[in-house]
Amino acid sequence: MRYDTVILGAGAAGMMCAAFCGGRTLVIDHARAPGEKIRISGGGRCNFTNIHAEPANFLSQNPHFCKSALARYTQWDFIALVDRYGIAWHEKTLGQLFCDGSSKQIVALLLAEMERAGAELWLSTTAQAVRHTGTGFALDLEREGKRHQITCANLVLAAGGKSIPKMGATGLAYDIARQFGLAVTETRPALVPFTFSDGRFKDLSGVSLPVRLSNARASFDEALLFTHRGLSGPAVLQLSSYWREGEAVLFNLIPGLPLFDILREQRQSSGRKALTTELARHLPARLVDFLKPVLGLDGNLADQSDARLAELCAALESWQVTPSGSEGYRTAEVTLGGIDTDALSSKTMEVKSVPGLYAIGEAVDVTGWLGGYNFQWAWSSGHAAGTAI
Ligand code: FDA
């Protein structure tokens with residue numbers, strides 16, 4: 001069987017690419033349903049883009065690589081598409097756009113766009129072998145126990161990264177890229193919770209508060225969530241993309257709060273109030289209990305000198321912890337790193353040394369922040385390859 005284009009992976013990027021491809025297109029996926037990550041994303045409501053999306057929100061060895069695709073298919077283009085399908089949406093926070101209803105609406109939109117473009121979709125299909133034929137590519141596919149030989153002029157690697165193997169992530173795109181001589185940069189789990197082997201935050205599980213979380217490379221003002229395994233929440237997921245094993249991270253537990261002035265004022269008006277009682281007005285009470293022995297939070301407000309209050313505020317503004325590790329690919333929302341962008345055209349996503357071979361989406365070394373940026377990369381890179389084909 002001959003197709004003009006075969007797309008490996010019916011995820012966000014692969015389906016988007018198929019919607020824009022000319023000619024006869026086949027999309028294959030080993031899963032039983034397309035767009036499974038879209039379906040479970042955003043708590044079932046799919047954070048499908050971010051109105052503030054720009055190249056600065058993406059990590060890559062080459063931070064310039066994403067610019068062209070993001071500029072040629074922007075968040076506004078995808079919002080217009082969502083609007084054309086009458087899908088209601090809302091901004092949750094920080095420019096993050098979610099469906100009012102279900103993420104399945106986004107999967108349905110992509111399937112409808114693929115159908116409009118005449119693309120075929122084979123599910124429960126695996127690629128056994130891929131070969132270069134000189135004029136294109138030959139693939140041995142297995143679909144529900146039956147073998148098929150397919151040839152095509154264009155082959156698009158859209159099989160995503162390694163995150164969440166339980167959901168079908170395999171690293172197939174990296175393997176085929178290597179087969180064609182492309183470099184794959186170091187891959188790491190990203191947008192992932194931190195773990196602590198001593199279980200020190202177990203008793204705080206469920207406590208959440210706004211923080212500023214920083215290291216030498218990045219800083220995020222978002223929520224922190226304590227879990228029975230360690231630390232999570234948007235602030236932690238964001239910083240995990242910039243963290244390396246063994247490094248400490250720094251929390252400001254009172255960002256933007258003039259706590260020193262508040263404590264001095266309260267010492268004046270309510271000196272007999274316990275220090276911990278006043279702190280529990282500004283921080284979760286369970287966190288204050290946890291910090292009591294660590295920071296020596298004893299006595300009444302009247303017992304605290306200015307120097308002591310200043311020391312306490314400084315400690316809350318720079319609480320340093322060193323995670324033992326991360327939860328890894330088991331729960332990571334994305335994979336950092338991937339197919340080296342040096343090998344690709346930033347305009348078309350085509351492999352410079354292998355005409356007709358393309359790589360898009362999470363498989364490529366472009367990783368977005370938390371908040372709809374990763375889907376925007378899938379839409380933009382899928383569009384770039386699809387329109388070039
Ligand atoms: P994606 O992983 O979507 O698709 C790859 C496809 O290839 C899959 O369908 C897979 O089955 C198939 N495949 C893999 N190996 C194969 C093989 N060997 N043979 C055949 N097929 C194979 N992002 C965001 O912007 N907003 C959000 O709300 C969320 N939420 C979110 C929640 C959770 C729990 C996760 C895990 C991730 C997110 N993300 C997100 C990230 C987002 O899902 C991700 O960046 C995109 O899905 C990447 O799209 P791709 O099409 O590149 O890969």
Side-chain angles (χ1 to χ4, degrees), residues 11-13 15-16 19 35-60 63 66-67 69-113 163 190-193 208-214 218-225 232-242 252 255-257 331-334 361-362 366-384:
M15 289 200 281
M16 189 68 175
E36 278 295 88
K37 279 195 184 162
I38 301 173
R39 184 179 61 78
I40 61 148
S41 69
R45 293 219 150 90
C46 186
N47 176 194
F48 57 81
T49 193
N50 192 299
I51 53 177
H52 304 308
E54 56 174 19
N57 308 117
F58 295 84
L59 293 86
S60 170
C66 62
K67 287 181 179 171
L70 289 172
R72 281 179 306 120
Y73 193 87
T74 68
Q75 57 270 45
W76 308 110
D77 293 316
F78 195 75
I79 293 166
L81 178 62
V82 167
D83 286 342
R84 272 209 304 283
Y85 276 78
I87 299 171
W89 53 268
H90 61 280
E91 180 185 347
K92 198 167 168 192
T93 174
L94 302 171
Q96 300 167 7
L97 304 190
F98 287 75
C99 299
D100 286 358
S102 163
S103 53
K104 288 182 194 160
Q105 293 173 290
I106 302 291
V107 179
L109 172 160
L110 292 166
L111 286 172
E113 286 291 294
S163 6
L191 301 183
V192 64
S208 170
L209 72 157
V211 298
R212 176 170 305 142
L213 177 57
S214 323
S219 180
F220 293 94
D221 279 41
E222 293 210 45
L224 160 68
L225 172 70
S232 187
V236 169
L237 299 186
Q238 296 283 34
L239 202 76
S240 70
S241 300
Y242 294 87
N252 179 347
L257 182 73
T331 64
E333 279 199 15
V334 287
E362 198 178 318
V366 174
T367 308
W369 286 4
L370 182 79
Y373 300 100
N374 283 296
F375 279 138
Q376 186 56 47
W377 172 245
W379 315 140
S380 297
S381 58
H383 167 269

Quiz prompt | Closest approach of Gly368 to Phe58 (non-hydrogen atoms, all atoms of both residues) | solution = CA-CD2, 3.5 Å
Quiz item: For the residue pair Ala218 and Phe220, what are the closest heavy atoms and their distance?
Solution: CB-CE1, 3.8 Å
Practice problem: Dump the intermediate steps for side-chain contact (heavy atoms from CB on, under 4.5 Å) on Gln75 and Asn50, then the final yes or no. | Solution: CA-CA 7 Å; Gln75 57 270 45; Asn50 192 299; over 6 Å; no
Quiz item: Between Ser163 and Glu362, is a side-chain contact (heavy atoms from CB on, under 4.5 Å) present by the stated rule, with each step listed?
Solution: CA-CA 10 Å; Ser163 6; Glu362 198 178 318; 3.0 Å; yes
Exercise. Taking all non-hydrogen atoms of both residues into account, name the closest pair between Thr331 and Pro193 and its distance.
Key: OG1-CD, 3.6 Å
Quiz item: Can you check whether Cys46 reaches Phe98 side chain to side chain, under 4.5 Å on heavy atoms?
Solution: no
Quiz prompt | Straight-line distance of Asn57 CG to Trp377 CH2, nearest 0.5 Å | solution = 13.0 Å
Practice problem: Of all the heavy-atom pairs spanning Asp221 and Pro255, show the shortest one and how long it is. | Solution: OD2-CB, 4.4 Å
Exercise. Run the numbers on Ile51 and Glu91 for side-chain contact (heavy atoms from CB on, under 4.5 Å), then give the verdict.
Key: CA-CA 9 Å; Ile51 53 177; Glu91 180 185 347; 3.7 Å; yes
Exercise. Not counting sequence neighbours, which residues clear salt bridge (charged side-chain N to carboxylate O under 4.0 Å, His left out) with Glu222? List them please.
Key: none
Quiz item: Can you name the salt bridge (charged side-chain N to carboxylate O under 4.0 Å, His left out) partners of Arg72, sequence neighbours left out?
Solution: none
Considering only distance and modelled atom types, tabulate donor-acceptor pairs under 3.5 Å from the side chains of residues 99-112, sequence neighbours left out.
| unit_1 | atom_1 | unit_2 | atom_2 | d |
| --- | --- | --- | --- | --- |
| Asp100 | OD1 | His90 | N | 3.4 |
| Asp100 | OD1 | His90 | ND1 | 2.7 |
| Ser102 | OG | Lys104 | N | 2.9 |
| Ser103 | OG | Ile38 | O | 3.4 |
| Ser103 | OG | Arg39 | O | 2.5 |
| Ser103 | OG | Gly44 | O | 3.1 |
| Gln105 | OE1 | Ser102 | N | 3.1 |

Quiz item: About how many Å separate CD of Glu54 and OH of Tyr373, when rounded to the nearest 0.5 Å?
Solution: 8.0 Å
Quiz prompt | With sequence neighbours excluded, residues passing side-chain contact (heavy atoms from CB on, under 4.5 Å) with Pro63 | solution = none
Quiz prompt | Min side-chain heavy-atom separation Tyr242-Leu59 under 4.5 Å | solution = yes
Quiz prompt | Ser208: partners by side-chain contact (heavy atoms from CB on, under 4.5 Å), with sequence neighbours left out | solution = Ala223, Leu225
Quiz item: When you look at Asn374 and Leu191, which way does the side-chain contact (heavy atoms from CB on, under 4.5 Å) test go after all the steps?
Solution: CA-CA 11 Å; Asn374 283 296; Leu191 301 183; 3.6 Å; yes
Quiz item: In chain order, what residues pass the side chain to side chain donor-acceptor pair (under 3.5 Å) check against Thr49, with sequence neighbours excluded?
Solution: Gln376
Self-check item: Partners meeting side chain to side chain donor-acceptor pair (under 3.5 Å) with Ser232 (sequence neighbours left out)
Solution: none
Show every donor-acceptor pair shorter than 3.5 Å between a side-chain atom in residues 79-86 and any protein atom, with sequence neighbours excluded, or say none if there are none.
| unit_1 | atom_1 | unit_2 | atom_2 | d |
| --- | --- | --- | --- | --- |
| Asp83 | OD1 | Trp89 | NE1 | 2.8 |
| Tyr85 | OH | Glu113 | OE2 | 2.5 |

Quiz item: Nearest heavy-atom pair of Ala235 and Val211: which atoms, and what distance?
Solution: CB-CG2, 3.9 Å
Self-check item: Parallel, tilted or perpendicular, as decided by the 30° and 60° cut-offs, for the rings of Trp379 and Phe375
Solution: parallel
Self-check item: Non-neighbouring partners of Ser240 that pass side-chain contact (heavy atoms from CB on, under 4.5 Å), sequence neighbours left out
Solution: Val192, Phe194
Exercise. Heavy atoms only: give me the nearest Ala12-Ala378 pair and the separation to one decimal.
Key: CB-CB, 3.7 Å
Exercise. List for me each residue that meets side chain to side chain donor-acceptor pair (under 3.5 Å) alongside Arg45, sequence neighbours excluded, and say none if there are none.
Key: none
Quiz item: Excluding sequence neighbours, so at least two apart, what forms side-chain contact (heavy atoms from CB on, under 4.5 Å) with Thr74?
Solution: Trp76, Asp77
Practice problem: Any chance you could measure His383, atom NE2, to Leu70, atom CG, to the nearest 0.5 Å? | Solution: 12.0 Å
Practice problem: Check whether any side-chain N or O of Asn252 sits under 3.5 Å from a backbone N or O of Arg212 as a donor-acceptor pair, and report yes or no. | Solution: no
Quiz prompt | side chain to side chain donor-acceptor pair (under 3.5 Å) partners for Ser41, two or more places apart | solution = none
